[in-house]
Participant: 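For reference, the structure I am asking about is given below.
All values below were derived from every heavy atom in this structure, side-chain atoms included, with hydrogens, water molecules and symmetry-related copies excluded. This structure is a prediction, so every number in the text was calculated from the model and none was measured.
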Amino acid sequence: LGLSARLNKGDTVEVIGWPLSDSEFTDNQKVRLTPSDEASVDAKLEPLFRWLLGEKPEDIAATATSNIAGGLRRVASISADHVDRLFLVFSDGLENNNGVKFYGAEGLKVLDDKNWKKLDDKLFEGGFPVLKGARVDWYPPAVAAGDSALVAKALKYWEHALADKAGAKF
């Protein structure tokens with residue numbers, strides 16, 4: 001993440017984690033790192049990563065839906081005053097909500113680049129997130145061979161939406 005280099009320069013870094021499956025963006029956790037935390041960065045971030053990987057409090061229920069576009073727009077908004085924003089996304093990129101479903105054979109059709117304008121209108125009807133100058137690093141999980149084309153198409157769409165439309169480095 002380059003956190004040590006930033007802390008060595010004397011910067012304070014805020015790491016915000018939120019689950020993309022949380023379609024209402026009702027929960028997130030923040031870790032604020034100061035230059036004095038340099039030696040303990042891993043230990044300070046471990047609870048956040050454990051929480052993101054599923055060790056969440058029992059009162060937060062997992063959902064079968066996702067709102068990747070909405071989550072990205074909201075986290076971009078709450079982090080707008082931060083400099084050197086870096087978004088790490090760990091997802092297959094397959095949106096699944098009432099308006100759009102990227103899954104299955106229908107997903108391949110939906111994700112065809114000829115349909116990107118329609119997707120833009122549905123997913124970002126509230127406007128694209130402002131990501132000018134931000135960097136987005138996307139890490140898809142290993143998927144079954146039959147799903148690899150679908151995930152590849154989804155990631156091409158997200159590159160279009162976040163780089164071409166929102167101004168991020170993807």
Side-chain angles (χ1 to χ4, degrees), residues 1-97 102 120 123-143 148 151-152 154-170:
L1 300 178
L3 295 177
S4 291
R6 290 174 186 218
L7 295 172
N8 276 334
K9 290 189 329 188
D11 293 343
T12 295
V13 177
E14 185 172 55
V15 179
I16 304 169
W18 89 100
L20 286 175
S21 61
D22 185 350
S23 61
E24 299 302 317
F25 190 69
T26 57
D27 207 2
N28 68 82
Q29 287 194 9
K30 297 178 184 180
V31 177
R32 189 172 195 79
L33 302 168
T34 63
S36 65
D37 295 323
E38 183 190 357
S40 59
V41 167
D42 290 346
K44 291 221 175 232
L45 291 177
E46 184 177 353
L48 172 66
F49 290 137
R50 287 187 180 281
W51 178 78
L52 286 170
L53 292 171
E55 297 176 24
K56 297 171 22 172
E58 290 183 12
D59 61 333
I60 301 171
T63 65
T65 62
S66 64
N67 186 350
I68 297 169
L72 287 168
R73 189 172 42 250
R74 285 185 285 283
V75 81
S77 175
I78 66 171
S79 67
D81 61 339
H82 292 62
V83 295
D84 295 328
R85 292 185 297 166
L86 168 63
F87 295 87
L88 301 174
V89 181
F90 300 89
S91 171
D92 58 12
L94 300 178
E95 188 78 270
N96 186 30
N97 62 54
F102 285 3
D120 292 348
L123 292 173
F124 296 101
E125 65 182 319
F128 284 92
V130 177
L131 296 174
K132 187 170 177 72
R135 191 174 100 213
V136 177
D137 291 349
W138 201 297
Y139 301 93
V143 294
S148 61
V151 170
L155 294 181
K156 288 303 284 180
Y157 172 73
W158 289 115
E159 181 176 7
H160 149 79
L162 300 177
D164 301 343
K165 296 292 186 175
K169 298 174 203 127
F170 194 89

Participant: Side chains of His160 and Asp120: closer than 4.5 Å at any heavy-atom pair?
Facilitator: yes

Participant: State, yes or no, whether a side-chain contact exists between Arg135 and Arg85 at a heavy-atom distance under 4.5 Å.
Facilitator: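 Sidechains of Arg85 and Arg135: no contact.
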
Participant: Is there a side-chain contact between Val151 and Ser148 (heavy atoms, below 4.5 Å)?
Facilitator: no

Participant: Quick one: pull up CD in Glu14 and OG1 in Thr34 and give me the separation to the nearest 0.5 Å.
Facilitator: 12.5 Å

Participant: Within the structure provided, determine whether Asp137 and Leu86 are in side-chain contact (heavy-atom separation under 4.5 Å).
Facilitator: yes

Participant: Over all heavy atoms of both residues, which pair between Leu7 and Pro35 is shortest? Give the atoms and the distance, please.
Facilitator: O-CB, 3.6 Å

Participant: Passes side-chain contact (heavy atoms from CB on, under 4.5 Å), Lys169 versus Val136? Steps please.
Facilitator: CA-CA 6 Å; Lys169 298 174 203 127; Val136 177; over 6 Å; no

Participant: Is the side chain of Gln29 donor-acceptor paired with the backbone N or O of Leu48 at a distance under 3.5 Å, no angle test?
Facilitator: no

Participant: Quick one: CZ on Phe128 to CG on Leu162, what's the gap to the nearest 0.5 Å?
Facilitator: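 If we round to the nearest 0.5 Å, Phe128:CZ and Leu162:CG are 8.5 Å apart.
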
Participant: What are the two closest non-hydrogen atoms of Asp92 and Leu155, and how far apart are they?
Facilitator: O-CD2, 4.4 Å

Participant: Should Phe87 and Ser79 count as side-chain neighbours, where that means a heavy-atom distance under 4.5 Å?
Facilitator: yes

Participant: Glu95 side chain to Asn67 main-chain N or O, any donor-acceptor pair under 3.5 Å?
Facilitator: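 Judged by distance alone, yes, a pair lies under 3.5 Å.
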
Participant: Between Asn96 and Leu94, is any pair of side-chain heavy atoms under 4.5 Å apart?
Facilitator: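 No - every pair of side-chain heavy atoms lies 4.5 Å or more apart.
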
Participant: State, to 0.1 Å, how close Ala166 and Pro129 come at their nearest heavy-atom pair, and which atoms those are.
Facilitator: CB-O, 3.1 Å

Participant: Contact between Tyr139 and Val89 at the side-chain level, heavy atoms closer than 4.5 Å - yes or no?
Facilitator: no

Participant: What distance do Lys30 atom NZ and Arg32 atom CZ have between them, rounded to the nearest 0.5 Å?
Facilitator: 9.0 Å

Participant: To the nearest 0.5 Å, how far apart are CG in Leu123 and OH in Tyr157?
Facilitator: 4.5 Å

Participant: Dump the intermediate steps for side-chain contact (heavy atoms from CB on, under 4.5 Å) on Val13 and Val31, then the final yes or no.
Facilitator: CA-CA 8 Å; Val13 177; Val31 177; over 6 Å; no

Participant: Does a side-chain heavy-atom distance below 4.5 Å link Ile68 with Ser91?
Facilitator: yes

Participant: Does a sphere of radius 6.0 Å around CG in Asp42 hold more than 12 heavy atoms from other residues, nucleotides or ligands, not counting ones at 6.0 Å or beyond?
Facilitator: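 No, CG of Asp42 has 12 or fewer neighbouring heavy atoms, counting only those of other groups under 6.0 Å.
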
Participant: If we ignore hydrogens and angles and just use 3.5 Å, is the side chain of Trp158 paired with the main-chain N or O of Gly93 as donor and acceptor?
Facilitator: yes

Participant: Report yes or no: does Asp164 contribute a side-chain atom to a donor-acceptor pair with the main-chain N or O of Ala161 at less than 3.5 Å?
Facilitator: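 Answer holds: no.
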
